[in-house]
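Report on the following structure.
Position 1 is the first residue of the sequence, and the numbers go up from there. In each ligand, atom 1 is the first atom listed, and ligand 1 is the first ligand listed.
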Amino acid sequence: MTRKIWMDGTIVDWDNAKIHILTHSLHYGTAIFEGIRCYKTTEGLSIFRLNDHVQRLIDGCKIYYMNLKYSAEQIKNAILETVRINGSENYYVRPIVYYGYGKMGVNPLPNKVCMAVAAWIWEGGTYTNSEGGIRAIVSSWTRIDSRSLPVLAKATANYANSVLARIEAINHGYDEAVLLNSNGKVAEATAENVFIVKDNCLITPPLTAGALQGVTRDSILTLAKEIGLTSSVSDFGREDLYIADEIFLCGTAAGIKPVTEIDHRVVGEGKVGDLTIRLATKLRGVIEGKDAKYSGMWLTPIL
Ligand SMILES: Cc1ncc(COP(=O)(O)O)c(C=O)c1O
């Protein structure tokens with residue numbers, strides 16, 4: 001089957017989903033995007049936390065002065081249509097809003113605001129706990145600061161920072177990098193939020209540390225409460241990573257990634273931690289539609 005992409009209301013074949021080389025956002029980093037997943041659940045294919053992803057997309061567009069011509073409802077419908085038309089698979093869904101082709105120059109406002117939605121099968125995000133942990137470093141790059149770039153907007157510009165940190169990690173033989181902010185506190189990883197466990201308490205940095213308002217992060221905090229874990233949203237430093245009992249990263253694309261080594265230090269006992277497993281198991285049940293309380297709240301069925 002030819003994969004289809006939604007482009008401003010038109011369904012086009014994957015190979016024909018093209019834009020002009022002078023598309024404004026390509027040159028100036030102003031596209032706003034989302035990463036969403038749909039999963040095969042007990043009730044059929046469902047999208048996880050669609051409303052929250054769409055709201056974050058709309059918020060990002062507002063921050064970047066984008067006059068989005070679609071309502072939240074229309075964006076959700078475009079996402080649902082894209083998944084539906086591509087068949088029933090565990091898709092990663094990528095809506096993107098961008099300033100289109102027209103007038104070059106730093107000011108994007110004369111250009112049309114365009115939207116596209118693609119869906120493809122992207123491994124990861126399965127919240128499995130059977131895999132081993134990853135090896136990470138603390139990046140030599142500082143996480144962008146909201147005084148320079150608004151971190152609440154999931155803008156392509158922000159990912160230049162992530163790309164440099166990710167390449168640095170890979171070049172040093174590691175899987176992933178954790179970035180510190182300009183105050184030396186932990187912000188997040190290149191495409192995931194960060195959690196540590198210390199003395200049975202789950203800790204994640206506040207958004208003011210420079211972290212994206214992750215949907216998975218929020219799900220973890222909610223589910224932690226539900227299973228009786230103590231959690232805290234507070235700043236912590238590089239050294240707290242070194243003495244943590246457990247560390248994991250989380251995001252829609254990545255799922256839950258336990259970290260078992262950081263900067264040449266073994267994390268905890270060097271294996272995937274018990275709380276990480278408990279949370280991953282709980283989250284997996286929720287996304288697979290096995291938890292009635294959250295199915296109504298967080299799952300949108302593809303009808
Ligand atoms: C920089 C960054 N932080 C955190 C996240 C996690 O966000 P979410 O759980 O909404 O996917 C992502 C995922 O896209 C990201 O790119």
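The atoms of ligand 1 that sit less than 4.0 Å from any heavy atom of T190 are 1 (C). Numbered from 1 in the order shown, with element, the atoms of ligand 1 that lie under 4.0 Å from a heavy atom of T252 read 8 (P), 9 (O), 10 (O), 11 (O).
Checked by distance only, ligand 1 and R56 come closer than 3.5 Å through their nitrogen or oxygen atoms. The shortest N or O to N or O distance between Y159 and ligand 1 is under 3.5 Å. Looking at S162 next to ligand 1, no N or O pair under 3.5 Å apart turns up. Residue-to-ligand polar distances place K154 within reach of ligand 1: an N/O pair is separated by less than 3.5 Å. At under 3.5 Å, not a single nitrogen or oxygen of A253, backbone or side chain, sits near a nitrogen or oxygen of ligand 1. On a distance-only criterion, E188 and ligand 1 share at least one N/O pair closer than 3.5 Å.
If you check which protein heavy atom lies closest to atom 7 (O) of ligand 1, you get G214 CA, 3.4 Å. Atom 9 (O) of ligand 1 has as its closest protein heavy atom T216 OG1, 2.5 Å. Scanning the protein for heavy atoms near atom 13 (C) of ligand 1, the closest one is A191 O, 3.4 Å.
At distances below 3.5 Å, not a single donor-acceptor pair connects side-chain atoms of E176 with backbone N or O atoms of A169.
Below 30°, between 30° and 60°, or above 60°: for W122 and Y92 the angle between ring planes is above 60°, a perpendicular geometry.
With a 6.0 Å radius and a threshold of 12 heavy atoms from other residues, nucleotides or ligands, K69 has its NZ atom above the threshold. The environment of NE2 in H27 is crowded: more than 12 heavy-atom neighbours from other residues, nucleotides or ligands sit within 6.0 Å. Other residues, nucleotides and ligands contribute at most 12 non-hydrogen atoms within 6.0 Å of the CD atom of Q213. For Q74, the CD atom counts as densely surrounded, since its 6.0 Å shell holds more than 12 non-hydrogen atoms of other residues, nucleotides or ligands.
In this structure, R238 pairs ionically with D263, as a charged nitrogen and a carboxylate oxygen lie closer than 4.0 Å.
E43 and S295 share no side-chain donor-acceptor pair at under 3.5 Å.
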